[in-house]
Number of protein chains: 2
Amino acid sequence: MTKDQDPKSHAWAVLLTAHATLIERIEAALAQARLPPLGWYDVLWELEKAEGGRLRMHELARRVVLSRSNLTRLADRLEDAKLIGREDTPHDRRGYDCVITRAGLVMRKKMWPVYKAEIERLFSRHITVEEARTIGDALARAVKAAREG
Amino acid sequence: MTKDQDPKSHAWAVLLTAHATLIERIEAALAQARLPPLGWYDVLWELEKAEGGRLRMHELARRVVLSRSNLTRLADRLEDAKLIGREDTPHDRRGYDCVITRAGLVMRKKMWPVYKAEIERLFSRHITVEEARTIGDALARAVKAAREG
DNA sequence: TGTCGATAGTTGCAAATGCAACGATATGCT
DNA sequence: AGCATATCGTTGCATTTGCAACTATCGACA
């Protein structure tokens, strides 16, 4: 967070601090509302967005940026909570489709207002639309490069 | 990472993905170089920057954005590795100063080239200086607001 | 068809994390 | 001074993470 360095290193340092600080607040807000942690939201949302509300484990892991083993356990918890299901896929007997359940859709919708309010309060309120575009574009390029490299 | 939403939510989503992706790579690079994880670097660097290479536990926790209990354990590990020490402070018998050791300074310097190379490769290379300034400024405002609110 | 290397997902185990509770000291107020 | 309240840092315990190993299946190719 010190400013006496080149702008890029500084940006990286601030990004780390911002992430840690804001995530901490968002998790606290979700917990206070008796809602599951952010990781659950990510999984539910990726599934909801996906064609048919279903995704292979490895693809889901890639999208939420989680190791396979961590996704296995996270999916276990979500499945215990009846928010997702695992179904055999017809064409590859090694794997499964994760499928969001009706209860999962409901939970995702229930979490969103709390999450959204925190994003607004902690992030959106403090930046301009132009800055947001810059951040989104720049970081998306970095992610794309990291995935390809 | 989908683009069909308002720029601010999109920026937030990309920020999360970028953080997860890049941190994963950086940790892997450090591990491959037989170096300690990023959290160790943060602590060492904050101490090195601080007046006298020392900081109270609670202040260090605040700067590295860690809960007190997590910092206690992290400091235990760093102390076991002789990279920091804990000293009683004269004016408050409740707490301690964390002090970076000579070995700690050496380790910090040893980690930096690896860390720096990854920041360059994964982040700096893909953004302009102007974008970096925008990211740093915008996120710093959010952090500041979050700390005050 | 049989074999080899890659991929899918899970599991065991050790390490790290988060939360609540605790002992100790400091601070403020009467 | 004496008591209530807040802060400092640590600890116990349950949960989550990370890594390496493992089983099962796939795909390619001789």
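Below, chain A is the first sequence line, B the second, and so on; all start at residue 1.
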statement: Separation between CG (A/Leu55) and CD (A/Glu51), nearest 0.5 Å, reads 10.5 Å
- prompt: In chain order, what residues pass the ring pair (Phe, Tyr, Trp, His ring centres under 6.0 Å) check against A/His126, with sequence neighbours excluded?
  reply: none
- prompt: Say you draw a straight line from OG1 of A/Thr21 to NE2 of A/His19; how long is it, rounded to the nearest 0.5 Å?
  reply: 10.0 Å
field: Length of the CG-C1' vector between B/Asp80 and C/dA16, whole Å
entry: 14 Å
C/dA8 phosphate, OP1 or OP2, under 4.0 Å from A/Arg86 side-chain N/O: no
query: Any salt bridge (Lys or Arg N to Asp or Glu O under 4.0 Å) pairs touching residues 11-26 of chain B, not counting sequence neighbours?
result: none
- prompt: Where along residues 51-75 of chain B does a heavy atom fall under 4.0 Å from DNA chain D?
  reply: B/Arg56, B/Met57, B/His58, B/Arg68, B/Ser69, B/Thr72, B/Arg73
- prompt: Sequence neighbours excluded, which residues qualify as side-chain hydrogen bond (donor to acceptor under 3.5 Å, both in side chains) partners of B/Ser9?
  reply: B/Asp6
query: Going from CG on B/Leu16 to CG on A/Leu22, what distance comes out if it is rounded to the nearest 0.5 angstrom?
result: 9.0 Å
query: Which comes earlier along DNA chain C counting from the 5' end, the contact point of B/Trp40 or that of A/Tyr96, where each point is its nearest nucleotide?
result: A/Tyr96
With sequence neighbours excluded, residues passing side-chain hydrogen bond (donor to acceptor under 3.5 Å, both in side chains) with B/Arg108: B/Tyr41, B/Glu48
A/Gln32 CD to C/dG18 P, straight-line distance once rounded to whole Å: 18 Å
message: Without decimals, in angstroms, what is the distance between B/Leu38 CG and C/dT17 C1'?
response: 16 Å
statement: In short, the helix from C/dT1-D/dA30 to C/dT30-D/dA1 is bent end to end, axes from five pairs each side, to 10°, by 20°
- line: note: A/Asp88, atom CG; C/dG9, atom C1'; distance rounded to Å ~ 12 Å
query: Can you list every side-chain hydrogen bond (donor to acceptor under 3.5 Å, both in side chains) pair that touches residues 71-80 of chain A, not counting sequence neighbours?
result: A/Asp76-A/Arg86, A/Glu79-A/Arg86
All N/O pairs under 3.5 Å across the protein-nucleotides 26-28 of chain C interface:
from	atom 1	to	atom 2	distance (Å)
C/dA26	OP1	B/Arg93	N	2.8

field: Any residue of residues 19-30 of chain B with a heavy atom less than 4.0 Å from an atom of DNA chain C
entry: none
query: Atom CD of A/Glu87 and atom C1' of C/dA8: how far apart are they, to the nearest Å?
result: 17 Å
- prompt: Any ring-ring contact (aromatic ring centres under 6.0 Å, His included) pairs touching residues 46-87 of chain A, not counting sequence neighbours?
  reply: none
- request: Would you tell me whether B/Tyr115 and B/Trp45 have side-chain atoms, one donor and one acceptor, within less than 3.5 Å of each other?
  value: no
- request: Hey, could you give me each pair passing side-chain hydrogen bond (donor to acceptor under 3.5 Å, both in side chains) that has a residue in residues 94-103 of chain B? Not counting sequence neighbours.
  value: B/Arg54-B/Asp97, B/Asp92-B/Arg94
task: Mind checking side-chain contact (heavy atoms from CB on, under 4.5 Å) for A/Ala11 and listing every partner two or more places apart, or none if nothing turns up?
output: B/Phe123, B/Ala132, B/Ile135
- prompt: Checking salt bridge (charged side-chain N to carboxylate O under 4.0 Å, His left out) for the pair B/Glu120/B/Lys116: CA distance, chi angles, key distance, verdict?
  reply: CA-CA 6 Å; B/Glu120 164 60 23; B/Lys116 181 187 183 178; over 6 Å; no
